[in-house]
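Only one structure is covered here, and it is reproduced in the block below.
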Amino acid sequence: MNSALDAIICIDAGGSITVWNPQAEKLFGWKFEEVKGKQLTETIIPPQYRILHQEGMRNYHATGIGPVLNRVTEITALNRSGKEFPIELVVVPVHQNGSLFFCAFLRDITERKLAEEQQKRHAEELAQKNKELEHFVYMASHDLQEPLRTTSSFVELLRQQYAGKLDAHADKYITFIVEAADRMRVLIDDLLNYSRIGRKTTLVPVDCNVLLKEVLADLNNAIQDNEATILSGELPLLNGYATELKLLFQNLISNSIKFRQKDQPPQVEITATKERSTWTFAFKDSGIGIELHQQDKIFILFQRLHSRSEYEGTGIGLAHCKKIVELHGGKIWVESIPGKGSTFYFTIQEY
Ligand code: ADP
């Protein structure tokens with residue numbers, strides 16, 4: 001007891017203090033001699049809880065039932081200088097030589113509580129900022145559509161009515177503008193879709209085996225054209241957002257086909273393993289792989305590692321995947337050996 005890291009305090013059946021170890025002296029400021037024989041209500045129990053404590057003791061003596069006994073409880077305690085602070089404690093009844101004692105093992109949790117509060121505040125602030133940001137992305141992309149539509153349609157008119165009538169340079173410039181406007185439309189659509197993920201969706205039971213079949217049917221052309229092999233183990237039934245999960249599977253598989261090795265048909269292996277209540281999915285491919293220093297970057301919005309002439313795309317696929325996985329309370333990451341292949345992992349909580 002003298003060297004215990006927790007404060008240990010024992011009281012007898014009448015509530016008088018009988019044990020008060022050095023850690024209790026340090027925590028509360030009273031020496032054992034000062035509190036020996038005193039009641040807890042005269043020392044560490046704050047005034048507002050004193051009646052409750054007395055009733056609890058009386059109740060235990062009458063019924064043998066003590067709801068706060070033998071389990072971890074968080075309460076407020078009082079020290080010698082009158083300061084209240086949070087503690088956690090376990091109280092156990094001890095029967096010794098026909099007498100009843102209660103022993104409490106307790107520790108100061110002020111710092112933990114502060115950290116928890118700070119963490120909670122931080123998470124709330126972050127959630128609020130994210131919401132604002134998403135709203136901004138939605139509004140911005142929505143409002144950008146209108147001027148872009150006007151630009152596109154007038155350039156299209158220009159092309160239809162003046163192609164071949166201006167000089168060759170002008171025709172080329174018009175083509176560039178049309179192409180750039182098309183790309184911009186795709187980017188804006190991507191952004192809008194990104195900001196819509198998780199809006200107005202409800203959790204439903206999703207059989208990932210069925211989901212995979214649907215995705216493979218949708219990707220049939222790409223699979224056939226590339227002679228891709230997609231293998232899968234038994235996948236779980238989850239409570240999730242169906243449309244979003246489908247998009248997640250689709251993005252990962254189509255990337256594995258797109259970023260294939262030139263000289264061998266792509267192969268994708270999909271498995272899921274469960275540890276406690278968390279499922280970890282693995283999408284393993286035999287593609288070109290990703291350098292270690294770029295493995296975090298690829299999940300950022302519009303980040304790409306290749307030019308459009310090498311591989312088509314806007315760089316939003318994996319940002320979508322990240323948002324979808326996080327919507328389900330999970331994480332996504334990649335492990336890869338350049339030139340050999342990549343495995344994309346994500347976790348989803350089983351609800
Ligand atoms: P996009 O496919 O439109 O380029 P993504 O966000 O889906 O955008 O992917 C971002 C980048 O990550 C890709 O440009 C590519 O360089 C890399 N990448 C994604 N999936 C794979 C994969 N399976 N194998 C190799 N590289 C990949």
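Both ligands and their constituent atoms are indexed starting at 1 by order of listing. Residue numbers run from 1 in the order of the sequence given. In this text, all values refer to a predicted model and were calculated from it rather than measured experimentally.
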query: Where on Leu318 is there a heavy atom closer than 4.0 Å to ligand 1, on the side chain, on the backbone, on both, or on neither?
result: both

- line: Of all protein heavy atoms, the one nearest atom 26 (N) of ligand 1 is Ile290 CG1, 3.3 Å

task: Determine whether more than 12 heavy atoms belonging to other residues, nucleotides or ligands lie under 6.0 Å from atom OH of Tyr311.
output: yes

message: Does the plane of the ring in Trp20 sit parallel, tilted or perpendicular to the ring in Phe28? Use 30° and 60° as the thresholds.
response: tilted

task: Inspect the surroundings of NE2 in His61 and state if more than 12 heavy atoms from other residues, nucleotides or ligands are less than 6.0 Å away.
output: yes

task: Nearest heavy atom to atom 11 (C) of ligand 1 wins, so pick from Val334, Thr343, Ile298.
output: Ile298

query: Does even one non-hydrogen atom of Phe344 get within less than 4.0 Å of ligand 1?
result: yes

message: Testing the 3.5 Å rule here: is there a donor-acceptor pair between the side chains of Ser81 and Asn79?
response: yes

- request: State whether Lys323 and Glu134 are salt-bridged, where the test is any N-O pair (Lys NZ or Arg NE/NH1/NH2 against Asp/Glu carboxylate O) under 4.0 Å.
  value: yes

message: Against ligand 1, does Gly315 come closer than 4.0 Å with any heavy atom?
response: yes

- line: atom 7 (O) of ligand 1 has as its nearest protein heavy atom Asn255 ND2, 2.8 Å

message: I'd like to know if Glu117 and Lys120 make a salt bridge, using a cut-off of under 4.0 Å between side-chain N and carboxylate O.
response: no

task: Flag Glu312 as yes when one of its N or O atoms lies below 3.5 Å from any N or O atom of ligand 1, and as no otherwise.
output: no

message: Measuring centre to centre across the rings, with the benzene-like ring taken for any Trp, is Phe346 within less than 6.0 Å of His328?
response: no

- request: Run down the list Asp285, Asp190, Leu305 and name the one with the heavy atom closest to atom 23 (N) of ligand 1.
  value: Asp285

- request: Could you tell me whether Glu179 and Arg183 make a salt bridge, using a distance below 4.0 angstrom between a side-chain N and a carboxylate O?
  value: no

message: Test of understanding: given a 4.0 Å heavy-atom threshold, classify the contact between Gln303 and ligand 1 as side chain, backbone, both, or neither.
response: backbone

query: Is the number of heavy atoms from other residues, nucleotides or ligands under 6.0 Å of Phe302 CZ greater than 12?
result: yes

- prompt: Which residue owns the protein heavy atom closest to atom 21 (C) of ligand 1, what's the atom, and how far is it?
  reply: Phe259 CD1, 3.5 Å

message: Are Tyr138 and His142, when compared by the centres of their aromatic rings, separated by less than 6.0 Å?
response: yes

query: What protein heavy atom sits nearest atom 16 (O) of ligand 1, and how far off is it?
result: His306 CD2, 3.1 Å

- line: Any heavy atom of Asn251 under 4.0 Å from ligand 1? The part involved is neither

task: Would you mind listing which atoms of ligand 1 come within a distance below 4.0 Å of any non-hydrogen atom of Lys258?
output: 1 (P), 2 (O), 3 (O)

query: Which ligand 1 atoms, with their elements, are less than 4.0 angstrom from a heavy-atom of Gly313?
result: 3 (O)

- prompt: Considering only the protein, which heavy-atom contact is closest to atom 4 (O) of ligand 1, and what is its distance?
  reply: Arg304 NE, 2.7 Å

query: Which of the numbered atoms in ligand 1 are below 4.0 angstrom from a heavy atom of Ile316?
result: 6 (O), 8 (O)

- request: Could you list which atoms of ligand 1 come closer than 4.0 Å to a heavy atom of Ser342?
  value: 24 (N)

- prompt: Do Arg159 and Glu156 sit within salt-bridge range, that is, some charged N less than 4.0 Å from a carboxylate O?
  reply: yes

